[in-house]
Amino acid sequence: MPQDNMLALPMDLGGGDMGGMGGMDMGDFAAPAPMGGLDAGGLGGGAIGGAVANPAAASGLSGKAKAAIIVRLLLNEGAEIPLEELPDDLQLELTQQMGRMRIVDRETLNAVAGEFADLLDNVGLHFPNGLAGALSAMEGKISRHTHSRLRREAGVRQFGDPWERLKQLPPEDLAGLAEAESTEVAAVLLSKLDTAKAAQMLIHLPGPVARRITFAVSKTANVTPDTVDRIGLSLAAQVEARPDLAFDQTPGQRLGGILTEAAAAKRDEVLTALDEQDEDFAITVRKAIFTYALIAERMQPLDVPKLVRVLSQPDLVTAIAFATDEEDVATSEFLLKNMSSRMADNIREEVAERGKVKRSDGEAAFSLIISAMRDLVATGEIELKSAEEDDEADAA
């Protein structure tokens with residue numbers, strides 16, 4: 001029997017239908033070499049179900065033929081094999097090899113399975129397959145510059161499944177992609193996202209655009225998988241073509257963070273100069289600035305105890321004693337109202353005894369409170385109300 005033309009199939013020696021062979025029965029094929037005790041459900045120790053594997057039986061098979069036998073055996077047993085993760089050329093070769101094969105006798109099947117089991121037993125460490133896998137494993141462990149350079153020099157594509165890459169993008173980025181594409185492409189993008197992510201994407205789209213895209217979803221019934229793949233590859237390529245940015249935050253956010261920590265006089269001076277040179281940028285910076293006066297507007301009342309726990313009482317006393325502007329006083333009352341009544345009473349008594357506070361001490365106390373609150377936000381312990389929510393509340 002020419003062994004390169006054999007296929008591992010469930011054998012029904014009673015002449016019944018052989019699954020996967022188009023309804024042909026055993027009468028169409030030469031009977032395989034007999035070997036009792038085959039139990040295809042077990043792999044291990046070089047034997048299958050008590051039948052000792054004979055290595056010589058598999059010696060004439062190529063590596064591709066052995067791979068095809070193992071894959072077919074596992075599929076027959078209902079195993080879930082992620083073959084789609086193989087490179088396209090390997091998927092093609094495996095399928096073509098399986099198409100060339102016919103029947104495998106029990107002795108050869110046992111020998112191949114035993115060899116495969118021995119190979120698995122001897123594996124001590126598994127490395128990623130190729131440079132693409134190595135780069136994926138090392139992402140975040142090596143510098144972004146080195147990572148990008150290696151990809152460019154090796155010509156390695158930065159994404160495997162493009163839709164998995166796209167699903168990781170924040171909703172606002174997905175909305176930007178959708179707005180830049182045709183309505184039909186945007187409808188496919190919306191359809192491929194998880195429902196929660198798709199809903200968030202719609203929130204970031206202008207009303208008329210969102211309506212057009214959602215209506216276009218009704219036209220996607222006849223879209224083919226190949227079309228979806230091409231759209232995914234095109235969108236992912238656009239994302240990967242974006243240049244690496246040195247800063248995670250926008251210029252307005254960065255400058256706003258700096259001015260948040262600056263003295264009030266210097267902050268006002270800088271903002272006045274920005275108003276004169278670039279009013280739009282100044283507005284962006286103001287939205288990113290966080291001051292003591294804004295605590296009452298942006299903080300949830302239930303989060304005040306969390307903030308108070310990480311602050312020292314002397315700093316709270318200094319800040320509240322220093323607060324004289326109307327908005328600063330409102331924040332002080334907000335904090336006192338939402339902390340424990342005993343602590344609030346103690347702070348009020350100390351503030352009354354404290355007297356006037358020097359500007360440098362007062363601004364330092366403001367800065368400590370704001371920094372503590374920003375740290376809690378960064379760790380996810382509290383969540384601030386957005387500026388948009390404040391605008392909606394004012395409008396209401």
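Bear in mind that the values here come from a model prediction, so they are computed numbers and not experimental data. Starting from 1, each residue takes its place in the sequence as its number.
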Report yes or no: does Asn122 contribute a side-chain atom to a donor-acceptor pair with the main-chain N or O of Asp118 at less than 3.5 Å?
yes
Donor-acceptor contact below 3.5 Å, side chain Thr214 vs main chain Ala210:
yes
Could you tell me the separation between the CG atom of Leu94 and the CG atom of Asp89, rounded to the nearest 0.5 Å?
11.5 Å
Residues forming a side chain to side chain contact (heavy atoms under 4.5 Å, CB included) with Arg309, sequence neighbours excluded
Pro305, Lys306
Do side-chain atoms of Gln253 reach the backbone of Thr250 as a donor and acceptor pair under 3.5 angstrom?
yes
Is it the case that Asn76 and Arg72 place a side-chain donor and acceptor less than 3.5 Å from each other?
yes
Quick one: does Thr146's side chain have a donor or acceptor within less than 3.5 Å of a partner on Ile142's backbone?
no
Please report the C-alpha distance between Thr224 and Thr227 in whole Å, then the side-chain angles of each, then the deciding distance to 0.1 Å, and finally whether the side-chain contact (heavy atoms from CB on, under 4.5 Å) criterion is met.
CA-CA 5 Å; Thr224 65; Thr227 300; 2.9 Å; yes
Interatomic spacing from CG in Leu202 to CG in Leu193 - rounded to 0.5 Å:
9.0 Å
Can you find a side-chain donor-acceptor pair between Glu350 and Gln313 that sits under 3.5 Å?
yes
Show the numbers, then the answer: is there a side-chain hydrogen bond (donor to acceptor under 3.5 Å, both in side chains) between Glu181 and Gln238?
CA-CA 11 Å; Glu181 294 292 337; Gln238 293 180 43; 2.6 Å; yes
Is there a path of hydrophobic side-chain contacts, each under 4.5 Å between heavy atoms of I/L/V/M/F/W/Y residues, joining Met339 to Leu311?
yes
State the CZ-CD distance between Phe290 and Glu297, to the nearest 0.5 angstrom.
8.5 Å
Is the closest side-chain donor-acceptor distance between Tyr292 and Ser332 under 3.5 Å?
yes
Taking every non-hydrogen atom, the tightest pair across Ala68 and Gln97
CB-CG, 3.8 Å
Of all the heavy-atom pairs spanning Leu189 and Trp163, show the shortest one and how long it is.
CD1-CZ3, 3.7 Å
If we count only N and O atoms by modelled type, under 3.5 Å, do the side chains of Asp105 and Thr108 hold a donor and an acceptor together?
yes
Check: Thr220 side chain, Val223 main-chain N or O, donor-acceptor pair, under 3.5 Å
no
Are any non-hydrogen side-chain atoms of Glu179 and Pro206 less than 4.5 angstrom apart?
yes
Could you report the tightest heavy-atom contact between Glu383 and Gln300, atom names first, then the distance?
O-CG, 3.6 Å
Check: Leu169 main-chain N/O paired with Lys197 side-chain donor or acceptor under 3.5 Å
yes
With sequence neighbours left out, the residues meeting side chain to side chain contact (heavy atoms under 4.5 Å, CB included) with Glu269 are Lys266
I'd like to know if the side chain of Arg298 reaches the main chain of Leu384, judged simply by a donor and an acceptor atom lying under 3.5 Å from each other, with no hydrogens or angles considered.
no
Where at least one partner belongs to residues 270-282, residue pairs that pass salt bridge (charged side-chain N to carboxylate O under 4.0 Å, His left out), sequence neighbours excluded
Asp275-Arg286
Measuring from Thr379:OG1 to Glu381:CD, what's the distance to the nearest 0.5 Å?
4.0 Å
side-chain contact (heavy atoms from CB on, under 4.5 Å) with Leu259: of Ile289, Asp268, Thr291, only one passes, and it is Ile289
Looking at every non-hydrogen atom in both residues, tell me the closest pair between Ala319 and Phe366 and how far apart they are.
O-CE1, 3.4 Å
